[in-house]
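Bear in mind the structure is a predicted one, so any value in this text is a computation, not a measurement. We use all heavy atoms of the structure for the numbers below, so side chains are in, but hydrogens, waters and symmetry mates are not. In what follows, every chain begins at residue 1, and chains take the letters A, B, ... in the order their sequences are listed.
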2 protein chains.
Amino acid sequence: MAPKKAEELQFSIDPNSGVPFYKQIILQIEMAIADRRLKRGNQLPTVRSLAVDLKINPNTVAKAYNQLELRGIVSTQQGTGTFISDKEVEMDDVEREKILSQITRDFLSKASSYGFSIQEIIEHLNELQDRE
Amino acid sequence: MAPKKAEELQFSIDPNSGVPFYKQIILQIEMAIADRRLKRGNQLPTVRSLAVDLKINPNTVAKAYNQLELRGIVSTQQGTGTFISDKEVEMDDVEREKILSQITRDFLSKASSYGFSIQEIIEHLNELQDRE
DNA sequence: TGTATTGTACTATTGTTATAGTACAAACAA
DNA sequence: TTGTTTGTACTATAACAATAGTACAATACA
């Protein structure tokens, strides 16, 4: 267990992006897990405190947390808080490769609709990784 | 005049991004103009054909075109079509980078929910590129 | 035991987005 | 001329997103 607070995380909301607030929150939590800023057992901000922080409605934060819980990414205990759970994804290597190819193809075609080349994307990803 | 068709352009819609369809279309057109894939006089797809292509409602495409016309970026002649006008579309590197970041984050969070690491994704992309 | 904190569950309201469907108007071509 | 293609305009509907407000339930702590 690592019931550490995750207060060092800085959430932010862009009201002009067109992306729903609750999805922006989900995205930021997913990204934080992906690059290890959030680990198993870490506690997320309370719905009320994050709502105050982002100047949005507590219901909106709760909606984000609920969706993450449905997907098994966090677990919540009423009266205690919401915590990162340890979701294990089980897949055989063939299936994994297939899925990676599929979502990568989708991503590349989307990126090219905006005029981004695969070189540009690789550079961008490398930069992201070097920033650790 | 350059009344060329702009059929080589591949538009795409991501229904899961949270970004409204009409805004996705607007952004893709703006970026195509900014990096000269679309030039003055080029004809955009008709509202009906693009709607069929993207499997969305013609009204949604029309909404995107209308907003672009309000901003002077395209001009429409009823019975003829919608064309790129000669208004400058500014897209500095910062803005472009921001957009690349957003769609990349989208992709990474999806990938990480399947258990893929950034490292793995970069390797996969490198393989794809070497295969050219 | 209280008391504060946490998540949950409603209702109601507002604005945006996307859809279906219909009809009309302007340009063009045969 | 007639018919096709183009964009436009409108109504109505449904779903979603975010808000305010209120109340309740479970936990932790002093």
Side-chain angles (χ1 to χ4, degrees), chain A residues 1 3-7 11-29 41-85, chain B residues 1 3-7 11-29 41-85:
Chain A
M1 274 294 204
K4 188 187 64 174
K5 291 253 177 180
E7 284 166 352
F11 289 89
S12 66
I13 290 293
D14 180 0
N16 301 316
S17 70
V19 181
F21 297 170
Y22 80 96
K23 278 197 183 178
Q24 294 187 39
I25 295 171
I26 289 175
L27 210 55
Q28 287 174 46
I29 292 172
N42 282 171
Q43 181 176 17
L44 292 172
T46 71
V47 290
R48 285 176 174 82
S49 72
L50 186 52
V52 170
D53 199 27
L54 297 178
K55 298 183 177 59
I56 61 177
N57 196 286
N59 292 338
T60 306
V61 181
K63 183 173 184 177
Y65 286 6
N66 285 336
Q67 301 232 346
L68 286 169
E69 177 159 43
L70 279 178
R71 289 163 48 193
I73 296 182
V74 304
S75 71
T76 62
Q77 290 92 39
Q78 192 164 316
T80 306
T82 302
F83 301 85
I84 307 296
S85 59
Chain B
M1 275 292 207
K4 188 186 65 175
K5 291 252 177 180
E7 284 167 352
F11 291 90
S12 66
I13 289 293
D14 180 359
N16 300 315
S17 70
V19 181
F21 297 170
Y22 80 95
K23 281 194 181 176
Q24 295 186 40
I25 295 171
I26 289 174
L27 190 54
Q28 287 173 42
I29 292 172
N42 283 169
Q43 180 174 15
L44 291 173
T46 70
V47 291
R48 286 175 173 83
S49 73
L50 186 52
V52 169
D53 199 27
L54 298 178
K55 298 182 177 59
I56 62 178
N57 196 286
N59 291 338
T60 306
V61 181
K63 182 174 185 178
Y65 286 5
N66 284 336
Q67 301 232 348
L68 285 168
E69 177 157 45
L70 279 177
R71 290 162 47 194
I73 295 179
V74 306
S75 71
T76 64
Q77 289 92 40
Q78 194 163 312
T80 306
T82 302
F83 301 85
I84 307 298
S85 50

Inset, instruction - Would you check if B:Leu27 and B:Val19 make a side-chain contact, meaning some heavy-atom pair closer than 4.5 Å? - result: no
Legend entry - Side-chain-base donor-acceptor pair under 3.5 Å for B:Gln78 and C:dA25: yes
Legend entry - Option from A:Leu70, A:Ile26, A:Leu50, A:Ile73 for which side-chain contact (heavy atoms from CB on, under 4.5 Å) with A:Tyr65 holds: A:Leu50
Legend entry - Close approaches to DNA chain D from residues 12-29 of chain A, in residue order (heavy atom, under 4.0 Å): A:Pro20, A:Phe21, A:Tyr22
Legend entry - Distance, rounded to the nearest Å, where A:Gln77 contributes CD and C:dT8 contributes C1': 14 Å
Inset, instruction - State whether the side chain of A:Asp53 and the backbone N or O of A:Ser49 hold a donor-acceptor pair below 3.5 Å, judged by distance alone. - result: no
Inset, instruction - State whether the side chain of B:Gln43 and the backbone N or O of B:Thr80 hold a donor-acceptor pair below 3.5 Å, judged by distance alone. - result: yes
Legend entry - Donor-acceptor under 3.5 Å (A:Gln67 side chain, A:Lys23 main chain): no
Legend entry - Nearest-nucleotide 5' precedence on DNA chain D, A:Ile56 against B:Gly81: B:Gly81
Inset, instruction - Kindly point out which of D:dA28, C:dT19, D:dG7 is positioned nearest to the side chain of A:Thr80? - result: D:dA28
Legend entry - Integer-rounded Å distance: C:dG7 P and A:Lys63 NZ: 18 Å
Inset, instruction - Take atom CG of B:Asn57 and atom C1' of D:dT13, then tell me their distance rounded to the nearest Å. - result: 12 Å
Inset, instruction - For residues B:Gly41 and B:Phe83, report the shortest heavy-atom separation together with the two atoms involved. - result: O-CD2, 3.3 Å
Inset, instruction - Measure from CD on B:Glu69 to C1' on D:dA9 and round the result to the nearest Å. - result: 14 Å
Legend entry - Value rounded to 0.5 Å, distance of CG in A:Asn57 from CZ in A:Arg48: 11.0 Å
Legend entry - Check: A:Asn59 side chain, D:dG21 base, donor-acceptor under 3.5 Å: yes
Inset, instruction - Starting from P on C:dA9, measure out to OH on A:Tyr65 and report it in whole angstrom. - result: 17 Å
Inset, instruction - Starting at atom CG of B:Leu68, determine the distance to atom C1' of D:dG7, rounded to an integer number of angstrom. - result: 14 Å
Inset, instruction - Would you indicate, yes or no, if C:dT8 has its OP1 or OP2 atom less than 4.0 angstrom from a side-chain nitrogen or oxygen of A:Asn66? - result: yes
Inset, instruction - Would you tell me if any nitrogen or oxygen in the side chain of A:Thr76 comes within less than 4.0 Å of OP1 or OP2 on C:dT8? - result: yes
Inset, instruction - Write down the distance between CD (B:Gln67) and C1' (C:dT17), rounded to a whole number of angstrom. - result: 12 Å
Legend entry - B:Arg48 CZ - C:dA23 C1' separation (whole Å): 11 Å
Legend entry - B:Thr60 side chain near C:dT19 phosphate (N/O to OP1/OP2, under 4.0 Å): yes
